[in-house]
Number of protein chains: 2
Amino acid sequence: MERELLLLGLLREQGMHGYQLLEFVESQMAFCVDLKKPTAYFLLDKMAASGWISFEQGQEGNRPPRRVYHITPEGEAVFQRLLRENLAGYAPTRFVTDIGLAFSHALPAQESIRLLNERRIAVKEHLDAASTAPPHPGGAQLIIEHQVHHLVSELQWLNDVILRMQMADAHL
Amino acid sequence: MERELLLLGLLREQGMHGYQLLEFVESQMAFCVDLKKPTAYFLLDKMAASGWISFEQGQEGNRPPRRVYHITPEGEAVFQRLLRENLAGYAPTRFVTDIGLAFSHALPAQESIRLLNERRIAVKEHLDAASTAPPHPGGAQLIIEHQVHHLVSELQWLNDVILRMQMADAHL
DNA sequence: AACTGAATAGTCAATACTGACTAGTCAGGG
DNA sequence: CCCTGACTAGTCAGTATTGACTATTCAGTT
């Protein structure tokens, strides 16, 4: 229900239409959710059917008509519940990049090390991007700081793994 | 393609039937992938159709017949490609738990802090579980170490966030 | 020899998600 | 005043994923 929490949270601050929501999520919240357009419209339909949000047909100039969504009192109650659950809980993080690590013995040690150095560069690029991101308004700033903290920790760990692999290889 | 990489990597070491694969993944690789039963069978079917793996009908005692899967030469080639891609690349981590943080201003500061303290306990429990996990064979050990490293970093960050919230609240 | 709970082995209907597409509008250049 | 590329707004068909279910076997108990 994380995506629902996100959409409700945004609609709670102001009524918006689908495209507007999408744009905001992609520009401000890209660091914590990956929400594609069809998924967003799907969720909006579902939440409207559940009575969490309502909409009216809006028109602006000659543009095609669009639905402007608003949160309902039931939606606000759901938002409050989901928010509390989210803040109190913890969902363990899975690193899909660890699968390769588990099978790295299938390659010559030197090649694994070379590939992991490529990975290190990729991580560094993400870190630079997050570090130099323009300040985001409100709570989104925290998300960027979290991402930076995490990427620093990842880089540290990756360096350690590479070092250990080099030492193990040298000893053979 | 991470799950495919995982299944190919396991079948590469020895032929196995679906249930056996599932069990191994859930017991040894639970820290890095979440693979449900129907998904695993779906992927096995798909990979068999693509010619990456083959199977023969096996029977053991009176047990129901089952498919024992083996990797094919094409599958081995795919495995090598996926492994290199995985080792060299980096997929940014999304923390769904950050969504709540972005909206924490919707609750009284004291309640947010209380809820985040609950989260801290949950993180600590995961950390204790990962720290005391019995040694896993081969590459899986690295995954646990990564998880521990990550959880320590998360705990640090969470403490920092809670502290900052308390200070901000005290200043009002 | 019947019963119970756990393990084995898988399937299916329903849900969730996404790549690729449609279709109209607007701003600016030629 | 027509063309082009970018923006707005959304849909749809196909793929991926999962909760819930079926059905058999085995070990131990009564």
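So that the names make sense, note that chain A is the first sequence line, chain B the second, and so on, each numbered from 1. As the structure is a prediction and not an experimental result, all values here were calculated from the model.
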Rounded to the nearest angstrom, tell me the gap between atom CG in B/Leu22 and atom C1' in D/dT17. 14 Å
When A/Ile162 is tested against each of A/Arg119, A/Arg120, A/Met167 for side-chain contact (heavy atoms from CB on, under 4.5 Å), which residue passes? A/Arg120
Determine whether B/Glu145 and B/His136 satisfy the following criterion, side-chain contact (heavy atoms from CB on, under 4.5 Å), listing intermediate values before the conclusion. CA-CA 10 Å; B/Glu145 287 173 31; B/His136 281 53; over 6 Å; no
Does the A/Thr72 side chain pair with the main chain of A/Trp52, one donor and one acceptor, at a distance under 3.5 Å? yes
For B/Arg66 and C/dT11, what is the distance between atoms CZ and C1' respectively, to the nearest whole Å? 18 Å
B/His150 and A/Phe95: aromatic ring centres closer than 6.0 Å? yes
I'd like to compare against my own output: the B/S/- annotation of nucleotides 18-23 of chain D with a strict under-4.0 Å heavy-atom distance to protein. BB----
What is the separation between atom CE on B/Met47 and atom C1' on D/dA16, rounded to the nearest whole Å? 14 Å
Would you confirm whether the ring centroid of A/Phe55 sits within less than 6.0 angstrom of the ring centroid of A/His17? no
What is the distance, to the nearest angstrom, from the OH atom on A/Tyr41 to the P atom on C/dT22? 18 Å
Protein-nucleotide distance (A/Arg67, atom CZ; D/dT11, atom C1'), rounded to Å: 12 Å
Candidates A/Val78, A/Leu7, A/Asp45, A/Leu11 - the one meeting side-chain contact (heavy atoms from CB on, under 4.5 Å) with A/Ile53: A/Leu11
Atom OH of B/Tyr19 and atom P of D/dT24: how far apart are they, to the nearest Å? 17 Å
Between atom CD in B/Glu23 and atom C1' in C/dA6, what is the gap in whole Å? 12 Å
Spacing of B/Leu21 atom CG relative to C/dG10 atom P, expressed in whole Å: 10 Å
Using a 4.0 Å heavy-atom cut-off across all strands, classify B/Gln20 as base, sugar-phosphate, or nothing. nothing
